[in-house]
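If you read the sequence from its start, that first residue is 1, and numbering goes on from there. Bear in mind the structure is a predicted one, so any value in this text is a computation, not a measurement.
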Amino acid sequence: GILLYQEDEWVYANPAAERISGYSREELLNMRFWDFVHQDYIDMVADMGKRRQRGEQPLSDYEFLIVSKQGKEKWIHLSGNTTEFRGKPAGIIACFDITARKNAERELLYRRNFLEAILFALPMPFFSKDVQGKYLFVNNAFAEFTGLTPEEVRGKTPEECWSTEVAEYFKTHDHYLISHSDTVLADYEYLIPHEQKGERHCYISKACFRNADGELAGLVGAFLDVTELKNTEKALRESEEKYRTVFENTGTATVILDR
């Protein structure tokens with residue numbers, strides 16, 4: 001919509017401005033230029049408009065909420081400039097209804113926050129990296145391994161979070177996966193040092209992800225700490241070997257019946 005205001009009132013409004021505001025041209029020309037602005041933005045819009053008429057250079061583009069005649073809140077992107085009307089300073093603005101875009105942004109933000117909350121709650125260490133190998137996101141379980149906070153890990157490379165040996169191991173596998181990005185998953189086992197618990201036997205699973213244009217953007221991955229399982233398996237093997245040795249070296253006949 002295109003609108004022209006002088007002093008505090010509208011002096012021109014095109015049909016698009018009528019559709020956006022819900023007010024007729026006649027109604028708009030009897031209103032102050034901030035009358036249908038949402039109360040949270042009235043002071044800002046009024047100040048910008050008055051400064052523009054004084055020949056100052058306020059922000060030429062900004063966004064704010066209005067309330068239409070029908071009571072519907074709409075997001076507006078305004079682009080304004082100073083002009084003259086009937087020999088006096090005036091402000092001319094172009095308004096665009098960006099409500100759909102704002103709603104889409106809010107929905108995306110909600111989904112991102114929801115997903116991050118789930119990932120933070122997972123007891124399994126989770127991470128994502130960009131194609132340069134810098135951590136984009138890590139959850140609390142991952143950060144505990146490094147002894148850092150999630151905020152401290154983000155933006156860092158493996159060399160800044162792990163020992164040289166571990167960092168090189170991760171980089172080698174990351175490079176292979178990125179260079180074979182059509183591979184769905186990469187799974188392997190490795191002893192990962194935990195800041196407090198020492199070396200932990202982990203299954204590591206990684207996969208590449210792409211941006212909205214289909215370009216390779218990085219990788220995601222998770223650890224599954226199976227140290228206790230490995231210890232249990234080892235204890236069972238040792239117990240089995242112990243009893244096998246006893247039976248094989250005993251001087252008496254031993255018979256085991258399955259009834």
Carboxylate-amine/guanidinium contact [X] [Y], below 4.0 Å:
X      : Y      : result
Glu84  : Lys88  : no
Glu116 : Arg111 : no
Glu7   : Lys50  : no
Asp174 : Lys171 : no
Glu144 : Lys197 : no

Step-by-step side chain to side chain contact (heavy atoms under 4.5 Å, CB included) determination, Ile76 to Ile20: CA-CA 9 Å; Ile76 298 298; Ile20 292 173; 3.6 Å; yes
I'd like to check [X] versus [Y] (side-chain heavy atoms, cut-off strictly below 4.5 Å). Are they in contact?
X      : Y      : result
Tyr62  : Met48  : yes
Leu4   : Phe85  : yes
Cys208 : Leu177 : yes
Leu78  : Asp61  : no
Phe127 : Asn139 : no
Leu219 : Ser128 : no
Cys161 : Tyr135 : yes
Leu3   : Asn14  : no

Of Phe126, Tyr190, Phe142, Tyr203, which is the lone residue that meets ring pair (Phe, Tyr, Trp, His ring centres under 6.0 Å) with Phe223?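 Considering Phe126, Tyr190, Phe142, Tyr203, a ring pair (Phe, Tyr, Trp, His ring centres under 6.0 Å) with Phe223 is found only for Phe142.
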Please walk me through it: do Tyr188 and His173 pass side chain to side chain contact (heavy atoms under 4.5 Å, CB included)? CA-CA 9 Å; Tyr188 54 93; His173 282 78; 3.5 Å; yes
With a sphere of 6.0 Å drawn around [atom1] of [X], does it hold more than 12 non-hydrogen atoms of other residues, nucleotides or ligands?
X      : atom1 : answer
Lys134 : NZ    : no
Arg86  : CZ    : no
Glu228 : CD    : yes
Glu107 : CD    : yes

Applying the side-chain hydrogen bond (donor to acceptor under 3.5 Å, both in side chains) criterion to Lys102, which one of His77, Glu73, Glu63 satisfies it?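 Per the side-chain hydrogen bond (donor to acceptor under 3.5 Å, both in side chains) rule, the option paired with Lys102 is Glu63, out of His77, Glu73, Glu63.
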Holding to ring-ring contact (aromatic ring centres under 6.0 Å, His included), I want the full list of residues that pass it with Phe120, two or more places apart in sequence or in another chain.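 For Phe120, the residues satisfying ring-ring contact (aromatic ring centres under 6.0 Å, His included) (neighbours in sequence not counted) are Phe137.
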For [Y], is there any backbone N or O sitting under 3.5 Å from a side-chain donor or acceptor partner on [X]?
X      : Y      : answer
Asp47  : Met44  : no
Thr227 : His201 : yes
Glu152 : Thr149 : yes

Can you check side chain to side chain contact (heavy atoms under 4.5 Å, CB included) on Lys206 and Ile204, steps first, answer last? CA-CA 7 Å; Lys206 299 178 181 178; Ile204 305 171; 3.8 Å; yes
Under 3.5 Å, is there a donor-acceptor pair between the Glu159 and Thr157 side chains?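 Yes.
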Can Arg101 and Glu105 be said to form a salt bridge (Lys or Arg N to Asp or Glu O under 4.0 Å), step by step? CA-CA 6 Å; Arg101 191 198 80 193; Glu105 289 174 352; 3.2 Å; yes
Filter on salt bridge (charged side-chain N to carboxylate O under 4.0 Å, His left out), then keep only pairs touching residues 218-227, sequence neighbours left out; what's left?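 Pairs touching residues 218-227 that pass the test: Arg200-Asp225.
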Interatomic spacing from SG in Cys202 to NE2 in His194 - rounded to 0.5 Å: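 So the SG of Cys202 and the NE2 of His194 are separated by 9.0 Å.
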Residue that, paired with Leu28, satisfies side-chain contact (heavy atoms from CB on, under 4.5 Å) out of Met31, Arg25, Glu26: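 Checked Met31, Arg25, Glu26 against Leu28; only one passes side-chain contact (heavy atoms from CB on, under 4.5 Å): Met31.
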Hey, would you say the Phe64 and His38 ring centroids sit under 6.0 Å apart?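 No, too far apart.
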